[in-house]
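Note sheet for the following structure.
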Amino acid sequence: MAQAKPPITMVVKGISLTKCETEVQSLAVPASCIAPYSHMISQDVNLLDVATGKISRLPKLISDESISVVQFHPKFSDLVGPQAAFSLLLSTQETTKNPMFNHICAYFPAREELNLTSNLLPMSDRARYPSILISRVVFKRDEHDEVVEVEWSKFRPPPTIPMPAAGTLYREGAIYCSQGNLSSKTGGLYYMAPGHPPEAIVTNYFGTDFNSPRSVAIARDGSIWFMDTRYGLEQEFRPEPQLPSQLYRYDPKDGDLRAMANDFVMPLSIALGSHNTTVYVADGEEGK
């Protein structure tokens, strides 16, 4: 008998900030673009209350009989509204089953474009290391401003940014986290503008290679916050880390780079609060 998968437990840590501010934006996709799909999309997720140590199950928002959405916090309903429509745009379940939509979700409103990165994809040549692809999803709208079609294309990242992970909007393009590979002097943050080669922003901490930068966020004051983790070592495409898993702040105005916090187990992603006071770090358990 198959055993049920254990629920995922995640700790969200709040870290005080100074001189940074950001806004949260959300994209509501209308129900008209729900893709045909016969399988339930569901994942049991528990929320750990850091103050009390108690784990609680939160109510689900179910918008379609084939799509189950679990919210991490009751306030999510305030963000999307009580009648939000959740739609399945693309799926590889019936084709390759490859994990193509794993990270980033950087949305470019002017181009109606969404960029995502895959999880590790196996190569046909078993002697080669797995790769990560970038997906570009373009939305087509009708006269009522509803999405009626999506165009999906995939491309390999430039060789200068191996193993890209999260990204975020920046100037006219986006900043990508490059996790690096087994070679030294790889990994860091890179700016990619449309039609231009990647531009290195920061690639080391005072001469020491980063481990595997995985998540990045931009504060309103222009500072760049990013999380460096041991993920590359765990997935065997990075050497032994020379630095702890740390949260960094980089100021492109003067080149100031600082490690802001390192009390983490397996940090996954970060987000800046809307009130200019806190950065939130999702810290998972080791090996889970």
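Fair warning: this is a prediction, and the values are worked out from it, not measured in the lab.
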Write down the atom of [X], the atom of [Y], and the distance for their closest heavy-atom approach.
X: P241; Y: L233; value: CD-CD2, 3.4 Å
X: L120; Y: P99; value: O-CG, 4.2 Å
X: P267; Y: T229; value: O-CG2, 3.2 Å
X: S212; Y: D228; value: N-OD1, 2.7 Å
X: P164; Y: P157; value: CD-CG, 3.7 Å
X: G173; Y: P194; value: CA-CD, 4.1 Å

Answer with yes or no whether the hydrophobic clustering places [X] together with [Y]; edges join I, L, V, M, F, W, Y residues whose side-chain heavy atoms lie under 4.5 Å apart.
X: F237; Y: L133; result: no
X: M100; Y: L90; result: yes
X: L121; Y: L116; result: yes
X: I201; Y: Y205; result: yes
X: M260; Y: V279; result: yes

Between [atom1] of [X] and [atom2] of [Y], what distance do you get to the nearest 0.5 Å?
X: N119; Y: I132; atom1: CG; atom2: CD1; result: 7.0 Å
X: W225; Y: L272; atom1: CH2; atom2: CG; result: 7.5 Å
X: L247; Y: D263; atom1: CG; atom2: CG; result: 12.0 Å
X: R141; Y: E149; atom1: CZ; atom2: CD; result: 13.0 Å
X: T92; Y: K97; atom1: OG1; atom2: NZ; result: 8.5 Å
X: F264; Y: S245; atom1: CZ; atom2: OG; result: 8.5 Å

Do [X] side-chain atoms and [Y] backbone N/O form a donor-acceptor pair below 3.5 Å?
X: N211; Y: R230; answer: no
X: T117; Y: A165; answer: yes
X: D283; Y: M266; answer: yes
X: T168; Y: V216; answer: no
X: D254; Y: D256; answer: yes
X: R238; Y: F210; answer: yes
X: T186; Y: N181; answer: yes
X: S223; Y: R249; answer: no
X: Q179; Y: M163; answer: yes

Q: Answer yes if the ring centres of Y191 and Y170 are under 6.0 angstrom apart, and no otherwise.
A: yes
Step through the shown structure and confirm whether more than 12 heavy atoms of other residues, nucleotides or ligands are within 6.0 Å of [atom1] on [X].
X: R111; atom1: CZ; answer: yes
X: E236; atom1: CD; answer: no
X: K253; atom1: NZ; answer: yes
X: R171; atom1: CZ; answer: yes

So do the side chains of [X] and [Y] get within less than 4.5 Å of each other, counting heavy atoms only?
X: P197; Y: T160; result: no
X: P162; Y: S178; result: yes
X: C177; Y: H103; result: no

Q: I would like to know whether Y250 and R258 meet side-chain contact (heavy atoms from CB on, under 4.5 Å); could you show each step before the answer?
A: CA-CA 7 Å; Y250 175 72; R258 301 187 184 189; over 6 Å; no
Q: Take Y231 and L268 through the side-chain contact (heavy atoms from CB on, under 4.5 Å) test and state the conclusion after the steps.
A: CA-CA 9 Å; Y231 182 82; L268 302 174; over 6 Å; no
**Q.** Ring geometry between Y248 and F226 (parallel below 30°, tilted from 30 to 60°, perpendicular above 60°)
**A.**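 Answer is parallel, since the angle falls under 30°.
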